[in-house]
Amino acid sequence: KNQVEQSPQSLIILEGKNCTLQCNYTVSPFSNLRWYKQDTGRGPVSLTIMTFSENTKSNGRYTATLDADTKQSSLHITASQLSDSASYICVVSAYSGAGSYQLTFGKGTKLSVIP
Amino acid sequence: NAGVTQTPKFQVLKTGQSMTLQCAQDMNHEYMSWYRQDPGMGLRLIHYSVGAGITDQGEVPNGYNVSRSTTEDFPLRLLSAAPSQTSVYFCASSYGRVDGNTIYFGEGSWLTVV
């Protein structure tokens, strides 16, 4: 069964500090890995999409890394801002045959940035 | 550009009532889907559609119906609501099948069944 595990479950950091969120997956055959940001009461918004051949991708202060060998990904947030307070969701896509793909969602990491 | 629009935002139903959650996208996306998000769980796929006239079941389809008569609209119907269907529902769309394409989510519909 495909699984995506995220850690930590929640995290509190001071404004201006950096942090790293982790995602481990057991998904096969792997197609791509996505990170989403979900503000409280809103829908998820895409941050990055990485394929097997990509090991780093940035989107402003967000940098995602992927190690396809160890099946791990991380999302690094630099110089955090209050607006970074949100849940961050790791999503892994697997090929399921006949041109179809299955997405497996992690439970998310809830980040709180405090002044 | 509105993106993915869901209505209503909030709804309270009594057990056994029926209702339809509306979803519309203005990006001419072929692929549309419905997810539910429950506390302590990742998003789970209810139904999806790869184009007008084509729908298929996802991971948790029981108790829900869908149809896709146009490219833009993908309503989700609850025929006889149950308390287990209390959840937050998200509609999503993407250009073509999901692989490699950005998935755009609506703002969510909070449903409570009492």
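Computed from a predicted structure; not experimentally measured. The sequence lines fix the lettering, A, B, ..., with proteins before strands; numbering per chain opens at 1.
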When rounded to the nearest 0.5 angstrom, what distance separates [atom1] in [X] from [atom2] in [Y]?
{"X": "Tyr104(B)", "Y": "Ser46(A)", "atom1": "OH", "atom2": "OG", "value": "7.5 Å"}
{"X": "Asn101(B)", "Y": "Arg34(A)", "atom1": "CG", "atom2": "CZ", "value": "7.5 Å"}
{"X": "Ile89(A)", "Y": "Gln37(B)", "atom1": "CD1", "atom2": "CD", "value": "5.5 Å"}

In the single-linkage hydrophobic clustering (I, L, V, M, F, W, Y; side-chain heavy atoms under 4.5 Å), do [X] and [Y] co-cluster?
{"X": "Val88(B)", "Y": "Ile46(B)", "answer": "no"}
{"X": "Tyr95(A)", "Y": "Tyr25(A)", "answer": "no"}
{"X": "Val114(B)", "Y": "Leu79(B)", "answer": "no"}

Can you tell me if [atom1] on [X] sees more than 12 non-hydrogen neighbours from other groups inside 6.0 Å?
{"X": "Lys37(A)", "atom1": "NZ", "value": "yes"}
{"X": "Lys57(A)", "atom1": "NZ", "value": "yes"}
{"X": "Ile114(A)", "atom1": "CD1", "value": "yes"}
{"X": "Lys9(B)", "atom1": "NZ", "value": "yes"}

With a 4.5 angstrom heavy-atom cut-off, is it the side chain or the backbone of Leu45(B) that approaches chain A, or both, or neither?
neither
Check Arg42(A) against Glu107(B) and note the closest heavy-atom contact, atom names and distance.
NE-OE1, 2.7 Å
Within a strict 4.5 Å, meaning less than it, do heavy atoms of the Ile49(A) and Thr102(B) side chains meet?
yes
Does the side chain of Ile103(B) come within less than 4.5 Å of Tyr36(A)'s, by heavy atoms?
yes
Going through the checks in order, is the side chain to side chain contact (heavy atoms under 4.5 Å, CB included) test met by Tyr35(B) and Leu103(A)?
CA-CA 11 Å; Tyr35(B) 292 88; Leu103(A) 298 178; 3.6 Å; yes
What's the verdict on side chain to side chain contact (heavy atoms under 4.5 Å, CB included) for Gln38(A) and Phe90(B), showing C-alpha distance, side-chain angles and the deciding distance?
CA-CA 12 Å; Gln38(A) 185 176 21; Phe90(B) 289 98; 3.3 Å; yes
